[in-house]
Amino acid sequence: MRIHNTLTNRVEKFTPIHKDTVNMYVCGPTVYNYIHIGNARPVIFFDVVRRYFEHKGYTVNFVSNFTDIDDKIITKALADETDEMTIANKFIKAFYRDMERVGSSTKYLAPRVTEYMSSIISYIEKLLEKGYAYEVDGEVFFRVDKVADYGILSGRRKEELIEGARISIDEKKENPLDFTLWKKTDAGITFPAPWGEGRPGWHTECVAMIQDIFGGKIDIHGGGSELMFPHHENEIAQNRAFAEHHIANYWMHNGQLMIDDKKMSKSEGRIILVKDLDQDYMGFRLFTLSNHYRSPLEYTDEILKSHVNQWEKIKRTYSQTFYQLDLADRLDSKPFIDNHLKRINQKFMAALDSDFNTANALSELYNLMKYANQKLRQRDTYPEMRGALEVFDTFFRILGLRPEVQRLTQNDRAIYTAWTAARKNKEFDKADRLREKLLERGIL
RNA sequence: GGUCCCGUAGCCAAGUGGCUAAGGCAAUGGACUGCAACUCCGUGAUCACCGGUUCGAAUCCGGUCGGGACCUCCA
């Protein structure tokens, strides 16, 4: 298996730290609003990563946090005349709902920053002890200059960053690049710390939680490419100071979702919330998997629509195969995987082995559709159809796509038999009525 | 201003040195069908442009044009 590692900017062979186990962490949302379709990209992509590792037989310890304390949450709480926890709880619930909608599993560890305050504080204390952090007037900053390879992830040099001139000058900082570990504040919820009441800076929560939960280095750290700098760069810097390693062996970043060739932006009204998508969410999932995860993904209504159509076709082929086997009492028969199916399956896996090339994997799903549709029109192909169903199930499990089918009821079978008989007897009015019923149930 | 990425058919998109440039959507011709739907078979590309390296370039190098991201606690 090969994975693109942002740390080295290369595609590398994947070797886990602990045999048969993958420890991975993905940066989760700040819960102050409903998520938009751009937020859904990592939610879907890393879900597929997890599923594929599990398919390969790994035990995956998947962790993704909730930032439940933040200025934006406080602002939102003030606007809604409520408190931060109410806001956070509301949008965490909404987040899970949206994850379920797009077909991503919610069964993983999701630590909340407020539950890990003591870990964060002791992490900062250790940075102070080691001389990588300094306290000024109740605030704590990280001393970027002490980390030799700062910029390793984002490919920047400290000098370039300073020349950038877009960094606001804070009198308290020794160096404009230094970032906040602990912020002194009296707005909203505050927490007691040795340096006074305040809140942790954004960059510390992830490393402190990883340290607490995994006890050290993990295999994969993931997130959106916009987090590479400064967030992930600062995580690495802190952990270099804390434990002399880069937290994760592999850093994976997904590209951003664009609308009208530009990044989504609330202020410019270019934003679509997942809950407002008003489309088949499996079609949306298919859309996000239709190009390489590291490339930008362009959204238009037309592109989404074409994937929604495509999902309809996939469902139709799958359910046809399922129902034809059911009608023939062959659902529980042994699948026959011929060479053609074997090859489709191999190419599908090879695509995912190659840095999770879901676009290529999908084209094998389309080959599988063609195969199944051909077998559906031929006589005496139940073993092959059963084989196709088997491969479909595997692909769907890995991609997290879910067509809904249920075994036929006695009534369904009766309608089907009656329909066949009516056609045979050229009772077309009756046949059409029955056909209508079968179409409604998705059996035809 | 600095750093980086991208430009493949009407649309989406894979491929990053070597057979006739995957696949999908849309369009269109045919087959199947009681009619239809579905499905199947077929039909489409001077790989943004110019120059270079090479036996050979969509792929590597240089330039031009166009688009985008990051340098801001934006997913």
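Sequence lines set the chain letters: A, B, ... in the order given, protein chains first and strands last, and positions in each chain run from 1. If you're wondering where the values come from, they're calculated on a predicted model, not measured in any experiment.
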Could you list, one pair per line, each protein nitrogen or oxygen that sits under 3.5 Å from a nitrogen or oxygen of nucleotides 28-31 of chain B, together with the distance?
none

Please state the [atom1] separation for the pair [N] and [M] - nearest whole angstrom.
{"N": "B:U46", "M": "B:G42", "atom1": "C1'", "result": "24 Å"}
{"N": "B:U53", "M": "B:U72", "atom1": "C1'", "result": "42 Å"}
{"N": "B:A9", "M": "B:G23", "atom1": "C1'", "result": "13 Å"}
{"N": "B:A13", "M": "B:G18", "atom1": "P", "result": "23 Å"}
{"N": "B:A27", "M": "B:C12", "atom1": "C1'", "result": "15 Å"}
{"N": "B:C6", "M": "B:U59", "atom1": "C1'", "result": "14 Å"}
{"N": "B:G29", "M": "B:G68", "atom1": "P", "result": "39 Å"}
{"N": "B:G62", "M": "B:C73", "atom1": "C1'", "result": "40 Å"}

Classify the nucleic acid contact of [X] as base, sugar-phosphate or nothing, counting any heavy atom under 4.0 Å across all strands shown.
{"X": "A:Glu364", "answer": "nothing"}
{"X": "A:Lys375", "answer": "nothing"}
{"X": "A:Ile35", "answer": "nothing"}
{"X": "A:Ser363", "answer": "base"}

Within this structure, what is the [atom1]-to-[atom2] distance between [X] and [N], rounded to whole angstrom?
{"X": "A:Glu312", "N": "B:G24", "atom1": "CD", "atom2": "C1'", "result": "16 Å"}
{"X": "A:Leu181", "N": "B:C73", "atom1": "CG", "atom2": "C1'", "result": "13 Å"}
{"X": "A:Trp202", "N": "B:U72", "atom1": "CH2", "atom2": "P", "result": "13 Å"}
{"X": "A:Phe229", "N": "B:G2", "atom1": "CZ", "atom2": "C1'", "result": "12 Å"}
{"X": "A:Asp71", "N": "B:C74", "atom1": "CG", "atom2": "P", "result": "11 Å"}
{"X": "A:Ile74", "N": "B:C73", "atom1": "CD1", "atom2": "C1'", "result": "12 Å"}
{"X": "A:Glu226", "N": "B:C71", "atom1": "CD", "atom2": "C1'", "result": "14 Å"}
{"X": "A:Leu399", "N": "B:G23", "atom1": "CG", "atom2": "P", "result": "19 Å"}

Does the side chain of A:Tyr34 get closer than 4.0 angstrom to OP1 or OP2 of B:A75 through an N or O atom?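 Answer no for this pair, as no side-chain N or O of A:Tyr34 is under 4.0 Å from OP1 or OP2.
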Within the structure, does a side-chain N or O atom of A:Gln256 lie under 4.0 Å from either OP1 or OP2 of B:A69?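 For B:A69, neither OP1 nor OP2 has a side-chain N or O of A:Gln256 closer than 4.0 Å.
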Contact letters for nucleotides 33-45 of chain B, in which S counts primed atoms plus P, OP1 and OP2 and B counts the base, heavy atoms under 4.0 Å: -BBB-BSSS----
Whether each nucleotide of nucleotides 6-15 of chain B has a protein heavy atom under 4.0 Å at its base (B), only at its sugar-phosphate (S) or at neither (-) is summarised, 5' to 3', as ------SSSS
Only counting residues at least two apart or in another chain, list the ones meeting side-chain contact (heavy atoms from CB on, under 4.5 Å) with A:Thr420.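 A:Thr420: side-chain contact (heavy atoms from CB on, under 4.5 Å) contacts with A:Tyr416.
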Answer yes or no: is there an ion pair linking A:Asp326 with A:Arg413, defined by an N-O contact shorter than 4.0 Å?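 So A:Asp326 pairs with A:Arg413 through a salt bridge.
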Please give the nucleotide sitting opposite [N] as a Watson-Crick or G-U wobble pair, both distances under 3.5 Å, or none.
{"N": "B:G17", "answer": "none"}
{"N": "B:U3", "answer": "B:A69"}
{"N": "B:C40", "answer": "B:G30"}
{"N": "B:A48", "answer": "B:U64"}
{"N": "B:A57", "answer": "none"}

Side chains of residues 93-106 of chain A: which donor-acceptor partners sit under 3.5 Å, not counting sequence neighbours?
{"from": "A:Asp98", "atom 1": "OD1", "to": "A:Arg101", "atom 2": "NE", "distance (Å)": "3.0"}
{"from": "A:Asp98", "atom 1": "OD1", "to": "A:Arg101", "atom 2": "NH2", "distance (Å)": "3.0"}
{"from": "A:Ser104", "atom 1": "OG", "to": "A:Val43", "atom 2": "O", "distance (Å)": "3.0"}
{"from": "A:Ser104", "atom 1": "OG", "to": "A:Arg285", "atom 2": "NH1", "distance (Å)": "3.0"}
{"from": "A:Ser105", "atom 1": "OG", "to": "A:Lys107", "atom 2": "N", "distance (Å)": "3.0"}

Determine whether a donor-acceptor pair (N or O, by modelled atom type, separation under 3.5 Å) exists between the side chain of [X] and the backbone of [Y].
{"X": "A:Arg199", "Y": "A:Asp70", "result": "no"}
{"X": "A:Asp68", "Y": "A:Asn89", "result": "no"}
{"X": "A:Arg112", "Y": "A:Ile69", "result": "no"}
{"X": "A:His36", "Y": "A:Asn39", "result": "yes"}

Could you verify whether a donor N or O on one side chain and an acceptor N or O on the other, from A:Asn367 and A:Glu364, lie under 3.5 Å apart?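 A pair is found: one side chain offers a donor N or O, the other an acceptor, under 3.5 Å apart.
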Side-chain donor-acceptor pairs under 3.5 Å in residues 202-213 of chain A, sequence neighbours left out?
{"from": "A:His203", "atom 1": "ND1", "to": "A:His231", "atom 2": "ND1", "distance (Å)": "3.0"}
{"from": "A:His203", "atom 1": "NE2", "to": "A:Asn234", "atom 2": "ND2", "distance (Å)": "3.2"}
{"from": "A:Thr204", "atom 1": "OG1", "to": "A:Gln238", "atom 2": "OE1", "distance (Å)": "2.9"}
{"from": "A:Glu205", "atom 1": "OE2", "to": "A:Asn65", "atom 2": "ND2", "distance (Å)": "3.0"}
{"from": "A:Glu205", "atom 1": "OE2", "to": "A:Thr67", "atom 2": "OG1", "distance (Å)": "2.5"}
{"from": "A:Asp212", "atom 1": "OD2", "to": "A:Ser119", "atom 2": "OG", "distance (Å)": "2.4"}

[X] vs [Y] aromatic rings, parallel, tilted or perpendicular, using cut-offs 30° and 60°?
{"X": "A:Tyr52", "Y": "A:Phe356", "answer": "perpendicular"}
{"X": "A:Tyr318", "Y": "A:Phe392", "answer": "perpendicular"}
{"X": "A:His253", "Y": "A:Trp251", "answer": "parallel"}

Mark yes or no: A:Lys72 above the aromatic ring of A:Tyr32, with NZ or CZ under 6.0 Å from the six-membered ring centre and no more than 45 degrees from the axis.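 A:Lys72 over A:Tyr32 ring: yes.
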Within 45 degrees of the ring normal and closer than 6.0 Å to the centroid, is that where the cationic atom of A:Lys158 sits relative to A:Tyr150?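 No.
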